[in-house]
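All values reported here derive from a predicted model rather than from experimental measurement.
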Amino acid sequence: MSDFRIRDFLDRLGGLGLMFSATRMADGSIRLNQWRGINYYENEAEIRSIWSASIDGREGRLQDVARYVELTQSRPRTLDAA
């Protein structure tokens, strides 16, 4: 059983300058988008290390992270708000 916690993973990377959003694709899959914050580059080596240890070679885990981000991100607002 894995002790991987998605929220802790995202919080840790977010604190280092890497943020995420998710986009639902036409085929039903979810794309995980990465956004670099202002302190990303000073922490790049640590971010890459965390990513490699947690995600590389684990496609299922990547999809779990994408689903979590999709479910927890702010919902887009429409222009026709009542």
Quiz item: What pair of heavy atoms forms the shortest contact from Asn43 to Leu16, and how long is it?
Solution: ND2-O, 3.0 Å
Quiz item: Closest heavy-atom contact between Glu70 and Arg24?
Solution: OE1-NH2, 2.7 Å
Self-check item: Shortest non-hydrogen separation from Glu42 to Asn39 and the atoms involved
Solution: CG-O, 3.2 Å
Self-check item: Tyr41 with Leu18, same ILVMFWY side-chain cluster at under 4.5 Å
Solution: yes
Quiz item: Can you check side-chain contact (heavy atoms from CB on, under 4.5 Å) on Phe4 and Val65, steps first, answer last?
Solution: CA-CA 11 Å; Phe4 180 72; Val65 171; 4.1 Å; yes
Exercise. Quick one: list whatever passes side chain to side chain contact (heavy atoms under 4.5 Å, CB included) with Ala66, sequence neighbours left out.
Key: Ile30, Leu32
Quiz item: Can you find a heavy atom in the side chain of Tyr68 that is under 4.5 Å from one in the side chain of Gln63?
Solution: no
Quiz item: Would a 4.5 Å heavy-atom cut-off, applied to side chains only, mark Glu46 and Ile50 as touching?
Solution: yes
Practice problem: State, to 0.1 Å, how close Ser54 and Phe9 come at their nearest heavy-atom pair, and which atoms those are. | Solution: CB-CE1, 3.6 Å
Quiz item: Can you list the steps and then say if Trp51 with Gln34 is a side-chain contact (heavy atoms from CB on, under 4.5 Å)?
Solution: CA-CA 12 Å; Trp51 184 269; Gln34 299 180 3; 3.6 Å; yes
Quiz item: About how many Å separate CD1 of Ile47 and CZ of Arg12, when rounded to the nearest 0.5 Å?
Solution: 10.5 Å
Quiz item: Are any side-chain N or O atoms of Gln73 and backbone N or O atoms of Ala22, one a donor and one an acceptor, separated by less than 3.5 Å?
Solution: yes
Quiz prompt | Heavy-atom closest pair, residues Phe20 and Leu10 | solution = CD1-CD2, 3.4 Å
Exercise. Flag yes if more than 12 heavy atoms outside Arg58 fall under 6.0 Å of its CZ atom; otherwise flag no.
Key: yes
Exercise. May I ask you to say whether Arg61 pairs ionically with Asp64, meaning some side-chain N is under 4.0 Å from a carboxylate O?
Key: no
Self-check item: Check: Arg48 main-chain N/O paired with Ser52 side-chain donor or acceptor under 3.5 Å
Solution: yes
